[in-house]
> 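One structure follows; several queries about it will come next.
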Amino acid sequence: GEPLPPAPARRLEALPAPRRIGAGWRVLDGDALKPEPVSAADAGRGSDTEPVPARAALARDDILRFPDGPAAEDAIRLALARADFADPASWEDAAWEALRAHPQPGTWGSGQGEARERAQAAMLQRMLQDVLSTEIAPGLRLRHLERGRWLSGLEFTLPVSGLTSGELEALRLPALAADAPDAAGYLRGVIDLVFEHEGRWWLLDWSGAQPGLRARDYGAEALARDAAARGYEQQALLHTLALQRWLRRRVPGWRADTHFGGALRVYVRGARPGWRNEDGSACGAHRFQVMQEALKSGKAPWDGAQP
């Protein structure tokens with residue numbers, strides 16, 4: 001056959017530069033979009049003259065003796081995730097599983113550390129007893145939850161492009177809000193505990209932070225300051241948005257004003273039945289009020305009229 005004619009010569013030209021280059025596709029750790037952790041002093045505890053007890057004076061199984069830091073936080077969370085709230089017989093195994101998975105520095109596997117390992121396991125077991133028996137909200141103790149009505153470690157991934165600018169602003173993510181609606185990527189995170197109680201769904205995140213050694217260090221005012229300083233409120237907003245989207249597909253006729261109980265942050269070192277605020281409520285449990293106020297006003301950006 002006849003040969004093909006040569007292709008016409010084309011002059012290559014550079015395209016004009018775009019006026020704006022987007023941030024590109026990315027996966028962001030939503031739980032990390034908050035201020036850096038702060039010390040108890042930086043969190044702004046109120047000044048007072050009440051003496052601080054010496055750590056050595058605490059009971060040997062007191063969780064206030066447990067180590068601090070990331071490994072300690074991981075061990076505490078795993079113990080709470082593995083424990084059957086309604087079965088105290090499971091708490092010892094949960095404590096040891098947590099320590100094996102997240103050994104504390106300078107203890108696990110050393111002959112000199114065996115006694116400390118046993119002591120730490122006892123601390124975690126007592127912590128489980130105290131936290132699960134404390135009335136963290138009116139009429140609510142986790143050890144009384146009905147089996148099958150709680151879920152530990154609910155992972156979520158939210159497409160940034162699917163979030164409205166109002167949702168992003170409510171989550172206090174101005175950088176992402178500026179990229180909307182052409183932002184590409186995802187926000188991901190983990191809600192420590194989701195549970196249903198008396199027809200309402202709650203979310204709860206654990207904190208192993210140690211603002212102090214006294215009951216007043218885990219009182220309502222102290223925890224409100226600490227939660228604000230650590231950025232826990234922003235995390236609670238993100239988790240509320242993720243939980244609502246998850247529940248809308250599972251609860252018929254979902255409405256946040258009738259089905260959502262609230263968002264809690266429980267400081268496990270201070271949640272114990274004997275520690276009380278002046279109004280009689282339990283220390284160690286902080287309830288985020290911003291969602292409740294928004295729901296009452298009808299302006300919650302995560303709440304829609306239709307599920």
Side-chain angles (χ1 to χ4, degrees), residues 23 26-46 68-77 80 136-137 153-158 160 163-180 183 185-194 202-212 217-246 260 262-271 283-295 299-302:
R26 49 189 167 166
V27 176
L28 300 175
D29 183 354
D31 292 346
L33 296 175
K34 57 185 181 180
E36 291 296 317
V38 296
S39 67
D42 292 336
R45 298 203 313 266
D68 201 357
E73 290 263 1
D74 290 340
I76 287 170
R77 280 191 168 84
L80 287 156
I136 57 176
L154 176 63
E155 299 183 11
F156 64 86
T157 302
L158 294 175
V160 174
L163 300 178
T164 67
S165 59
E167 288 171 332
L168 291 169
E169 290 171 3
L171 295 175
R172 300 174 191 174
L173 304 179
L176 289 178
D179 288 341
Y186 296 87
L187 283 172
R188 63 184 179 187
V190 180
I191 303 173
D192 288 337
L193 183 68
V194 173
W202 297 70
L203 68 86
L204 184 156
D205 287 295
W206 308 113
S207 175
Q210 186 166 298
D217 297 323
Y218 299 88
E221 293 183 4
L223 293 191
R225 290 192 299 267
D226 190 85
R230 297 177 191 273
Y232 288 158
E233 183 177 292
Q234 180 189 39
Q235 187 182 73
L237 287 165
L238 176 60
H239 287 188
T240 299
L241 172 62
L243 179 60
Q244 168 160 287
R245 293 194 170 194
W246 188 74
F260 181 62
L264 297 167
R265 169 72 66 163
V266 174
Y267 289 66
V268 301
R269 298 180 193 258
C283 294
H286 176 66
R287 184 172 180 178
F288 296 92
Q289 297 297 329
V290 63
M291 279 81 71
Q292 305 305 114
E293 295 170 0
L295 288 171
K299 297 179 180 179
W302 52 82

> Can you confirm whether Leu264 sits close enough to Phe288 that some side-chain heavy atom of one is under 4.5 Å from a side-chain heavy atom of the other?
no
> Would you say Tyr267's side chain and Pro211's backbone share a donor-acceptor pair under 3.5 angstrom?
no
> Tell me whether Arg77 contacts the main-chain N or O of Trp206 through its side chain, where contact means a donor paired with an acceptor under 3.5 Å.
yes
> How far apart are the C-alpha atoms of Arg230 and Gln235, what are their side-chain angles, what is the distance that settles it, and do they pass the side chain to side chain donor-acceptor pair (under 3.5 Å) test?
CA-CA 10 Å; Arg230 297 177 191 273; Gln235 187 182 73; over 6 Å; no
> Are Leu158 and Arg188 side-chain neighbours, meaning at least one heavy-atom pair lies under 4.5 Å?
no
> On a heavy-atom basis, which atom in Tyr232 and which in Ala209 lie closest, and how many Å separate them?
OH-CB, 4.5 Å
> Between Ser207 and Arg265, what is the shortest heavy-atom contact and its length?
CB-CD, 3.7 Å
> Hey, does Val266 have a side-chain heavy atom less than 4.5 Å from the side chain of Leu204?
yes
> What closest approach, in Å, do His239 and Val190 show between heavy atoms, and which atom pair accounts for it?
CE1-O, 3.2 Å
> How close do Gly219 and Cys283 get, heavy atom to heavy atom, and via which atoms?
CA-SG, 4.2 Å
> Judged by atom type as modelled, is there a donor-acceptor pair below 3.5 Å linking the side chain of Arg269 to the main-chain atoms of Gly208?
yes
> Do Asp192 and Leu80 come within less than 4.5 Å of each other through their side chains, counting heavy atoms only?
no
> Kindly indicate whether the side chain of Trp202, heavy atoms from C-beta on, has any atom under 4.5 Å from the side chain of Phe260.
no
> Shortest non-hydrogen contact from His286 to Ala224?
CE1-CA, 3.8 Å
> Looking at every heavy atom in both Ala285 and Ile136, which two are closest together, and how far apart are they?
CB-O, 3.6 Å
> Any heavy-atom pair between the side chains of Ile191 and Leu243 that's under 4.5 Å?
yes
> Would you indicate whether the side-chain heavy atoms of Leu187 and Thr157 approach each other to under 4.5 Å?
no
